[in-house]
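Lettering of chains follows the sequences in order, A, B, ..., and the numbering in each one begins at 1. What you see is a predicted model, and the numbers here were worked out from it, not measured in a lab.
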Number of protein chains: 2
Amino acid sequence: MTIMIVDDEERDRMWLKNLLVENFPSDQPIHEAHDGQQAVDMAMKIKPNLIFLDIKMPQLSGIKAAEAILQKLPETGVVMLSNFSDEVYVRQLWKIVPPNGVFGYVLKNASNEQVVEAARAVLSGDCWIHPGIARVIQRTQNRATSLTSAEYEALVCIALGMTDHAIAKRLYLTEKAVQSRLKSLYAKLGIPGRGESHESEFNQRCRACYVATRRGLINQSELDDWESKLEEKKQGGPAQV
Amino acid sequence: MTIMIVDDEERDRMWLKNLLVENFPSDQPIHEAHDGQQAVDMAMKIKPNLIFLDIKMPQLSGIKAAEAILQKLPETGVVMLSNFSDEVYVRQLWKIVPPNGVFGYVLKNASNEQVVEAARAVLSGDCWIHPGIARVIQRTQNRATSLTSAEYEALVCIALGMTDHAIAKRLYLTEKAVQSRLKSLYAKLGIPGRGESHESEFNQRCRACYVATRRGLINQSELDDWESKLEEKKQGGPAQV
DNA sequence: CGCATCTTCGGGGTTTACCCCAGCCAATTG
DNA sequence: CAATTGGCTGGGGTAAACCCCGAAGATGCG
């Protein structure tokens with residue numbers, strides 16, 4: 001059995017490695033990589049059965065690395081490691097795992113037992129999702145609360161601080177369309193408008209950013225990515241999530 | 001020499017403990033606690049020379065724990081451990097360390113050598129600040145870019161999604177005063193107004209939240225704290241930072 | 001096909017956020 | 001002392017954000 005560990009933090013790699021050699025005795029060494037690009041290259045060569053991927057990494061994120069690897073080697077068992085229960089990542093992960101592929105998703109504050117459990121599950125063909133993430137997954141599948149990609153685009157834009165006008169220009173829409181997206185976004189995030197809810201007055205725009213961040217719909221590093229994309233002279237058109 | 005380690009993550013405690021027993025041989029055992037309250041209680045009993053404190057912990061944050069401990073035992077050498085280079089924390093830390101007290105501030109992605117170095121420095125009466133934080137500190141001391149507490153209050157409020165009116169009510173100010181605070185806040189964050197900067201149109205309010213978060217002036221967990229404070233039926237008056 | 005959902009877009013409104021200008025008071029500071 | 005700075009107040013304005021209404025095209029589904 002071949003195992004790969006991909007994480008940019010040496011400390012986390014060692015922790016995981018120790019955990020694995022104890023619980024999965026094997027004559028094969030455990031291979032390590034410390035960024036996404038390396039991971040993809042190495043995976044192509046050694047074709048691991050099981051691969052642990054950190055999400056937050058330089059060069060190429062764990063999500064993108066997983067995408068590349070699963071495309072060529074759909075049989076690979078993937079276990080994502082993350083510090084956050086961010087919905088952004090779950091959204092993305094859901095899209096790239098092949099319908100019958102298996103994967104695990106464990107938070108880094110998981111107990112050692114949970115990590116081993118996740119690894120065993122994936123190896124035997126099951127999925128293992130961290131308990132704390134279960135409800136996040138549910139929410140992404142609930143029509144009433146999950147965001148459409150149109151709404152998500154708008155969310156990202158206001159979180160970056162763009163005006164309606166700027167968003168319209170950027171996404172090739174009228175301002176009305178933008179406001180329409182925002183309106184349904186606010187509704188789904190449960191943010192009261194002017195009339196409703198007497199006590200609580202909100203600036204919906206900022207409130208939406210706050211709520212969305214708390215729910216893990218967006219996070220700072222994702223936003224920074226978008227920010228730099230926008231600065232690339234508005235190329236590539238509206239992006240997909 | 002007595003050493004204490006305070007961290008809610010078992011993994012980080014073990015890493016640090018191993019590091020310390022290797023580099024600081026001592027007949028004394030290394031004491032551990034896993035939240036702020038425990039840390040304070042234990043510190044009172046054993047009066048450690050050196051204490052490592054994680055910032056993000058349940059019950060009582062590392063900052064608050066440090067405050068309590070330094071008040072009773074100002075001689076204690078404190079080394080803060082943090083995942084972030086957030087300016088919020090530096091602001092707070094600066095206020096609670098006694099003028100002649102020593103402390104270290106290391107990020108968790110620091111190398112083993114750096115941690116040992118920080119520990120040695122603090123033990124010998126020096127401060128040790130993580131390189132990545134140096135410029136943050138500088139910024140907090142630069143009059144032109146550092147926020148006053150008035151501006152900071154306003155920042156927190158808009159980040160929570162409050163309207164000018166709601167902020168005014170909350171802080172016992174007129175709306176004009178709030179807008180005045182916001183205006184200078186935007187200026188210090190370098191956010192262009194309507195007239196200036198032709199290409200880039202910004203919703204200053206949201207943009208301020210984004211920029212402030214990126215600079216570590218605010219972060220989600222701090223905001224959540226404020227949010228719950230606000231829900232406590234507006235007690236305690238405007239808070240200080 | 002009818003039906004539902006998502007999305008865009010129009011007209012025509014109110015409120016909020018931001019703009020410029022000026023003055024006043026308190027606390028520092030040279 | 002005068003000078004400066006930070007903070008609050010006021011008047012009076014513009015533009016952006018949000019409100020309700022309805023309509024129409026695209027898509028997918030039973």
Taking NE2 from A/H165 and P from C/dC18, how many angstroms apart are they, rounded to a whole number? 18 Å
I need the CZ-C1' distance between B/R205 and C/dT15, as an integer number of Å. 13 Å
Rounded to whole angstroms, how far apart are CZ on A/R207 and P on C/dT16? 17 Å
Does B/N203 have a side-chain nitrogen or oxygen under 4.0 Å from the phosphate oxygens OP1 or OP2 of D/dA17? yes
Non-hydrogen atoms of A/V78 and A/V122 that approach each other most closely: N-CG1, 4.0 Å
Could you tell me, to 10°, how much the axis swings from one end of the helix from C/dC1-D/dG30 to C/dT15-D/dA16 to the other, five pairs per end? 20°
Interatomic distance where CG belongs to B/L182 and C1' belongs to C/dC19 [whole Å]: 14 Å
Of all heavy-atom pairs between B/A208 and B/L155, which one has the smallest distance, and what is that distance? O-CD1, 4.3 Å
Stepwise side-chain contact (heavy atoms from CB on, under 4.5 Å) test for A/K188 and A/T148: CA-CA 10 Å; A/K188 286 198 182 163; A/T148 66; 3.7 Å; yes
A/D164: which of A/K176, A/R181, A/Q179, A/K169 passes side-chain hydrogen bond (donor to acceptor under 3.5 Å, both in side chains): A/Q179
Gap separating the CD1 atom of A/I158 from the CZ atom of B/R205, nearest 0.5 angstrom: 13.0 Å
Would a 4.5 Å heavy-atom cut-off, applied to side chains only, mark B/D35 and B/D8 as touching? no
With rounding to the nearest 0.5 angstrom, report the CG to SG distance, A/L185 to A/C157. 11.0 Å
Can a salt bridge be assigned to the pair B/R207 and A/E227 using a cut-off of 4.0 Å between side-chain N and carboxylate O? yes
Please report, rounded to the nearest Å, how far the C1' atom of C/dT15 is from the CE atom of B/M162. 18 Å
Determine whether A/R120 and A/W128 satisfy the following criterion, side-chain contact (heavy atoms from CB on, under 4.5 Å), listing intermediate values before the conclusion. CA-CA 9 Å; A/R120 284 197 206 287; A/W128 193 95; over 6 Å; no
Interatomic distance where CG belongs to B/D164 and C1' belongs to D/dC18 [whole Å]: 15 Å
Would you kindly give the NZ-to-P distance between B/K183 and C/dC20, to the nearest whole Å? 7 Å
B/E153 CD to D/dG6 P, straight-line distance once rounded to whole Å: 17 Å
Measure all distances between protein nitrogen or oxygen atoms and nitrogen or oxygen atoms of nucleotides 7-9 of chain D, and list the pairs falling under 3.5 Å.
| from | atom 1 | to | atom 2 | distance (Å) |
| --- | --- | --- | --- | --- |
| D/dG7 | OP1 | B/T148 | OG1 | 3.2 |
| D/dG7 | OP2 | B/T148 | OG1 | 3.4 |
| D/dC8 | OP1 | B/R181 | NH2 | 3.0 |
| D/dC8 | OP2 | B/R181 | NE | 3.1 |
| D/dT9 | OP2 | B/T174 | N | 3.2 |
| D/dT9 | OP2 | B/T174 | OG1 | 2.5 |

